[in-house]
Amino acid sequence: MSQAAIPPETARPPSHLFYVTRLRRPLVDRAEGVYFWTRDGRRFLDGSSGPMVSNIGHGNRTVIEAMKRQMDKATFAYRLHFENEPTEELARRLAQKMPGDLDRIFFVSGGSEAVESALKLARQWAVATGQPKRWKVICRFPSYHGGTIGALGVTGDLALTETFAPQIQPMPAIPAPTAYRDRDNLSMEQRGLRYADMLEEKILAEGAESVVAFIMEPIGGAATAALVPPDSYFARIREICDKYGILLIHDEVMSGAARTGRYLGGDHWNCRPDIVTLSKGIGSGYAPLGAMAASRRIVTPVLDMGGFQHGYTYAGNPLACAAGLAVLGEMERLGCEANAAAMGDLLMAELHNLARRFPFIAGIRGKGLLIGADMVADPVGFTPLPKALNANQRLLDLAYARGLIIYSRRIRGDGVEADNFILAPPLIITRDQIGEMAAILGDSLEALARELDLPVDG
Ligand code: PLP
């Protein structure tokens, strides 16, 4: 389209869409690599991969061509009527990527669906194996596992759950291992064990015979902004789950698909979960795609019982899986795990530099290209900034106005209140583009400090 034919933003008709707010955004024109261009001629660096989705970057021709080829064959073939090649092949490839014996794959179209599937598979496994009293899924606070009613039951974020409380079956929760905030005399590893032991205490308080599973994000996402537990946490959690015959569900919707420098977040600790949920990066924005991986030990009794009583119309459709298969191929060809690790180190160093200039940034954390930090009134005691400042949204807006997209939230619940932000660009980002990101973020923080009267050093 020629420049002359582009309608000015002001001439846009009112929208019939509604999402969270009445916010209007510029019309997107195209996207390539780590950038978006809008119809009014602006360029944005996608510093958050949307909501941590576009892992292989935008406009990948190999994926687009693979999708076109599949579209010419069949865009949809219902799984109860036909098998299809891309779905079979993607399941085979994903099974190879999963830890331990998790070689059974169940496709869905998004992260919440993957979590719902895991909650239901765990429950049906309990019934199928003669443990019908087990139904509770212990979760963590804060956490985010999706927007559907079942997933909200294991989500620890009052801002998202409070209104719907009468409709939600709330599940028992333990504190997320926010060890970086603790001011005690314990080492990080001791803190990791202390947080993990809270799972055992909760199991005993609830009655072990009533608990079927524990769900956690191995590396935190939206609610905890890339929270990384101490190393000691993981083995102890596995030990406790084994001791009480409880399934361990790793929600890798955000931390999976190479985002943190390994295919799964849990791979950094050689974790052996019983169920893994995936979405976001496995479709990388080319198609709505999610998956649940489970071990045969769980799936076999469920199928023997007469079948998994669960499924979605669009699950495992050939077009989404053709996209997912091509995404996985590109992820390997482009070396996304290695680049996420290397560029993540660089971005982390840039953020530490910025934190020296802007001491209201604290608790920098993350792995690979899933990096988060808090914005606080006091970086030692982690006193939150006043809510009225709306610091997280202001930072997002100031960065957006300067052509950088970041992700930010204010999380609320159970004694934790924090403004945080996440940096998570596509995993193909280059050294120069990391520099560009850091420069725009620095300008935005400068503007935020001026606007909210926050401290600046030097
Ligand atoms: N689980 C985790 C860890 C997530 O980060 C998200 C989304 O952010 C979800 C589940 C829900 O995914 P979706 O929004 O695709 O339903």
Side-chain angles (χ1 to χ4, degrees), residues 98-102 104 114-143 145 150-151 153-156 168-179 189-220 227 229-252 264-266 269-277 292-302 304-305 308 310 414:
M98 293 301 110
D101 61 352
L102 272 66
R104 305 286 105 168
V115 168
E116 294 290 335
S117 306
L119 301 179
K120 289 174 78 175
L121 181 66
R123 166 64 186 161
Q124 206 181 328
W125 164 81
V127 173
T129 54
Q131 312 175 76
K133 290 204 178 106
R134 288 190 191 265
W135 62 273
K136 295 175 189 165
V137 177
I138 298 178
C139 59
R140 303 194 314 195
F141 212 116
S143 64
H145 293 290
V154 290
T155 285
I168 295 171
Q169 171 70 63
M171 294 288 179
I174 59 171
T178 48
E189 296 318 305
Q190 287 169 324
R191 285 183 197 154
L193 296 176
R194 190 169 52 80
Y195 277 105
D197 287 341
M198 291 176 191
L199 175 60
E200 182 161 29
E201 287 157 26
K202 186 58 89 180
I203 291 169
L204 294 174
E206 293 291 326
E209 70 293 341
S210 69
V211 179
V212 68
F214 173 57
I215 185 165
M216 59 177 259
E217 300 155 272
I219 297 173
L227 177 69
D231 294 338
S232 58
Y233 185 77
F234 293 91
R236 180 64 69 91
I237 288 285
R238 181 69 266 184
E239 213 178 285
I240 295 167
C241 288
D242 286 344
K243 184 170 170 189
Y244 296 98
I246 287 165
L247 300 180
L248 176 57
I249 303 170
H250 272 193
D251 184 352
E252 296 264 13
L264 296 179
W269 297 273
N270 293 317
C271 290
R272 293 283 175 268
D274 300 294
I275 299 176
V276 167
T277 55
M292 165 175 67
S295 87
R296 212 175 291 198
R297 181 175 64 81
I298 297 164
V299 174
T300 302
V302 168
D304 288 348
M305 182 188 167
F308 186 24
H310 178 63
D414 222 16

Sub-4.5 Å side-chain heavy-atom contact between [X] and [Y]:
X    : Y    : answer
H250 : L264 : no
E239 : K243 : no
L204 : Y244 : yes
R297 : L247 : yes
L199 : I246 : no
Y195 : R236 : no
P99  : N270 : no

Between [X] and [Y], is there a donor-acceptor pair closer than 3.5 Å when you use the side chain of the first and the backbone of the second?
X    : Y    : result
T129 : A126 : yes
R140 : E217 : yes
R191 : P229 : no
E200 : I240 : no
T277 : M292 : no
E252 : G265 : yes
R123 : R134 : yes
E116 : A151 : yes

Test of understanding: with side-chain hydrogen bond (donor to acceptor under 3.5 Å, both in side chains), list the residues that count as partners of S143, not counting sequence neighbours. none
Identify, with sequence neighbours excluded, every residue that meets side-chain hydrogen bond (donor to acceptor under 3.5 Å, both in side chains) alongside Q124. none
So which atom in [X] and which in [Y] form the shortest heavy-atom distance, rounded to 0.1 Å?
X    : Y    : value
A128 : M305 : CB-SD, 3.6 Å
F214 : C241 : CB-SG, 4.2 Å
C139 : G153 : SG-O, 4.4 Å
T155 : H145 : OG1-N, 2.9 Å
V212 : A122 : CG2-O, 3.3 Å
P273 : V276 : CG-CG2, 3.6 Å

Hey, what's the ring geometry for F234 with W269, parallel, tilted or perpendicular (30° and 60° as the breaks)? parallel
Could you give me the CA-CA distance, side-chain angles and deciding distance for I174 and M216, then say whether side chain to side chain contact (heavy atoms under 4.5 Å, CB included) is met? CA-CA 10 Å; I174 59 171; M216 59 177 259; over 6 Å; no
With sequence neighbours left out, the residues meeting salt bridge (charged side-chain N to carboxylate O under 4.0 Å, His left out) with R238 are D242, D274
Taking salt bridge (charged side-chain N to carboxylate O under 4.0 Å, His left out) as the test, write out the residues that go with D231, two or more places apart. none
Who passes ring pair (Phe, Tyr, Trp, His ring centres under 6.0 Å) against W135, sequence neighbours left out? none
Report the residues that fulfil side chain to side chain contact (heavy atoms under 4.5 Å, CB included) with P172, sequence neighbours left out, ordered by chain and then residue number. K136, I138, K202, E206
